[in-house]
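To keep things clear, I will list the structure first and then write my remarks on it.
Reminder, nothing fancy here: chain letters follow the sequence lines and each chain counts from 1.
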Number of protein chains: 2
Amino acid sequence: MTRTRAERGAPTIRDVATAAGVSNATAARALGGYGAVSEEARRRIDDAAAALGYRTNSLARSMITGATNTLGLIIADIENPFFARATRGFTDAAREEGFEVVVTNTDEDVDTERTAVRLFMEKQVDGLVVAPATQAMTEHLQAALDAGTPVVLLDRRVPGLAADSVLVDNRKASEAAVAHLTQHGHRRIAIVTGASLAELEAGAARSGRHLLSTGKNRIDGYLAALRRAGITPQDEYIKVGDFHRDAAGGMTRELLALPIPPTAIFTTDGIISLGVVEALQEHGLAMPEQMSVVGFDDPEWALVVRPRLTVVAQPVYELGRRAAQRLIARIRGDVARPRRHHLPTELIVRDSVTHWSG
Amino acid sequence: MTRTRAERGAPTIRDVATAAGVSNATAARALGGYGAVSEEARRRIDDAAAALGYRTNSLARSMITGATNTLGLIIADIENPFFARATRGFTDAAREEGFEVVVTNTDEDVDTERTAVRLFMEKQVDGLVVAPATQAMTEHLQAALDAGTPVVLLDRRVPGLAADSVLVDNRKASEAAVAHLTQHGHRRIAIVTGASLAELEAGAARSGRHLLSTGKNRIDGYLAALRRAGITPQDEYIKVGDFHRDAAGGMTRELLALPIPPTAIFTTDGIISLGVVEALQEHGLAMPEQMSVVGFDDPEWALVVRPRLTVVAQPVYELGRRAAQRLIARIRGDVARPRRHHLPTELIVRDSVTHWSG
DNA sequence: TTGAAAGCGCTAACAA
DNA sequence: TTGTTAGCGCTTTCAA
């Protein structure tokens with residue numbers, strides 16, 4: 001099964017050329033759509049190609065042109081609706097421009113990410129979009145850049161890396177979400193958020209250092225909103241776990257078991273929102289009367305759950321599109337100074353927040 | 001930006017060989033991990049490679065070996081949680097075996113599917129997994145097979161195509177779901193289901209011909225369950241639209257506007273379930289008292305919606321894994337007769353069905 | 001164990 | 001407009 005085309009009997013340009021009675025080069029020009037070919041020759045070549053069932057070998061072409069028309073996409077988890085939607089935006093935009101997409105999940109693991117970058121580079125992808133698992137340990141991204149492969153960061157930034165990033169202003173968006181809570185009289189407000197494996201292991205979550213830019217900015221926004229409202233942040237209201245539903249549920253139960261539990265929770269991601277809402281329901285807590293909730297990202301179920309979930313939504317599909325567009329611009333030679341591309345967020349007020357006058 | 005490696009200054013095996021003072025061939029053997037190389041030479045080559053920052057060009061390798069270690073995955077929509085989860089299973093299993101994955105969305109469009117197959121073949125993928133948009137017009141799949149590229153079908157079968165398929169017994173699963181309804185006394189049971197664009201345009205939905213094997217089998221299962229219960233199927237209770245939430249909502253409203261509306265609805269897909277539940281809520285209908293619902297697939301929100309959704313669940317992740325495993329077995333030379341690989345489904349009884357004694 | 005040489009299927013000068 | 005001739009970077013005989 002591991003044979004060259006010829007061994008499998010697949011016709012090459014040479015075969016087509018012979019059959020059409022022209023030279024190798026002429027057939028290549030007609031089939032490749034470059035250079036000048038007479039009508040007459042083109043017809044004979046097309047006929048011969050059709051008769052033989054000729055198919056281009058893009059590997060051979062890429063060897064010479066140096067372009068594979070393929071983009072690498074490195075994300076944490078395609079199953080996470082955020083990444084699924086961003087991927088959709090990315091692949092749609094890529095296709096519009098004639099590019100294909102190779103995808104890998106890292107599960108927020110830096111080693112996996114490193115391997116993916118290497119593999120994609122070896123495959124000669126024309127560019128990479130990465131949602132990096134950490135801010136530190138990103139030499140592999142720098143190496144890609146050094147090798148001349150454009151890199152665009154999605155959803156997360158890496159300070160010091162000369163690459164475009166496409167994301168929302170997470171700090172501002174979170175501040176708006178939490179301000180919505182303080183404006184409703186809440187003063188005991190918890191945050192349930194996620195971090196990558198490496199960071200959790202490093203205890204970074206605690207210290208607040210090395211957090212994903214996104215996670216860190218969402219916590220910062222939370223803290224800023226509290227401060228603005230004259231509220232002193234409390235450590236036991238800040239929960240950092242991994243990006244899974246069960247982890248979020250566990251953190252919620254810890255919050256509820258506190259001597260003085262919070263009256264509101266800010267969840268920083270759709271999957272976390274799900275875990276939190278589920279745990280609150282299991283606990284028999286009435287939302288929003290006994291517990292208000294604001295989520296980040298607008299999951300598909302936000303409208304069918306009761307109360308309907310109030311959220312800060314980001315334009316996820318557009319994030320993916322923009323990442324592709326920026327990357328392709330770079331591939332095509334754009335040498336402008338790399339910058340941060342911020343897309344707007346929107347606070348969507350529904351029913352999961354109520355006034356607190358405890 | 002479209003330059004060969006040499007032009008970008010990327011070192012090749014030749015460069016490493018020169019630096020290490022050995023021949024091209026010896027360096028290749030050491031770096032490629034094949035053939036015999038002395039300890040001494042290997043050390044010098046590895047050092048030189050590291051010093052130069054050498055990276056394999058897998059395109060060149062694939063040209064010769066005829067294998068790209070890449071699998072093509074062609075699905076309708078990565079945003080659909082069913083496909084997202086299947087994709088995750090697929091890529092996880094592929095990676096375990098040393099394969100990478102290229103993905104494309106077809107949106108159930110046959111032309112897009114055809115293009116994707118051609119592109120992937122030109123890229124010399126080692127094999128293809130396809131969730132085909134139709135049963136008819138599948139010459140492109142036959143062509144792939146003819147060219148020696150293994151194909152495995154995911155979730156849907158194509159009669160007459162000599163390819164493995166990995167899916168559940170949709171007829172049986174649907175029959176079980178609808179039987180659950182008849183056992184609860186329901187006699188006016190509707191089905192809301194999806195079909196591909198081509199089929200909808202062809203009016204196939206009406207005639208029941210050319211439906212996706214999966215869609216068709218789910219309708220057949222529904223009809224069988226009705227018949228078993230001595231119920232005569234009614235055309236106006238059979239709704240076929242596209243695989244989108246809004247379409248499902250629209251069909252639900254049509255059902256509710258009927259002179260004699262159904263007392264229960266069977267939804268054949270997670271996204272459709274969402275649209276249906278949403279429309280029922282908007283309509284102010286009490287579930288399950290005024291309307292019972294059974295869904296196909298177990299969406300993430302099934303536990304946070306009230307009533308919690310009763311569903312027939314399929315092992316989606318495992319479906320993706322199995323597809324990858326079958327494909328890789330084929331790539332490695334398995335020539336057993338192609339067969340259907342059925343995975344088990346499970347009826348998960350929750351709260352969205354109640355007895356009807358109208 | 002090593003090296004020389006051929007060639008995978010295609011594109012890209014260059015000359016005619 | 002066409003053909004000739006070199007390769008792209010690697011693997012793979014074959015002989016030494």
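If you take NZ on B/K123 and CZ on A/R61, they are separated by 10.5 Å, rounding to the nearest 0.5 Å. Atom OG1 in B/T70 sits 6.5 Å away from atom CG in B/D126 (nearest 0.5 Å). Taking CD of A/E113 as the start and CG of A/N105 as the end, the distance is 12.0 Å to the nearest 0.5 Å. Once rounded to the nearest 0.5 Å, the distance linking OG1 of B/T134 with CZ of B/R156 reads 9.5 Å.
Considering only side-chain N and O atoms, B/T65 lies nowhere under 4.0 angstrom from the phosphate OP1 or OP2 of D/dT11. The phosphate of C/dT11 has OP1 or OP2 within less than 4.0 Å of a side-chain N or O from A/Y34. Put simply, A/Y54 has a side-chain N or O that comes within less than 4.0 Å of OP1 or OP2 on C/dC10. Between D/dG3 and A/S23, a contact under 4.0 Å exists linking OP1 or OP2 to a side-chain N or O. OP1 or OP2 of C/dT2 lies within a sub-4.0 Å distance of a side-chain N or O belonging to B/S38.
Atom CD in A/Q124 sits about 9 Å away from atom P in D/dG9, given to the nearest Å. Taking atom CG on B/N69 and atom P on D/dT11, their separation rounds to 12 Å, with Å as the unit. The distance between atom CD1 of B/I13 and atom C1' of C/dG3, rounded to the nearest whole Å, is 14 Å. For the pair B/R29 CZ and C/dT2 C1', the computed distance is 6 Å after rounding to whole Å. Taking atom CZ on B/R61 and atom P on D/dC8, their separation rounds to 18 Å, with Å as the unit. Taking atom CG of residue A/L31 and atom P of nucleotide C/dA12, one finds them 14 Å apart after rounding to whole Å. In this entry the distance linking CZ of A/R14 with P of C/dC8 reads 9 Å, nearest Å. Between B/E122 atom CD and C/dC8 atom P there is a gap of 20 Å when expressed in whole angstrom units.
The salt bridge (charged side-chain N to carboxylate O under 4.0 Å, His left out) test with A/D164 is passed by exactly one of A/R330, A/R322, A/R157: A/R330.
Of the two residues contacting DNA chain C, namely B/G21 and B/A60, the nearest-nucleotide position lying further toward the 5' end is that of B/G21.
Residue A/I64 has its side chain nearest to C/dC10 when only C/dG3, C/dC10, D/dT4 are considered. The side chain of A/N24 approaches D/dT5 more closely than any other nucleotide in the set D/dC10, D/dT5, C/dG9. Counting only heavy atoms from C-beta on, B/M63 has its side chain closest to C/dG9 among C/dG9, C/dT2, D/dT11.
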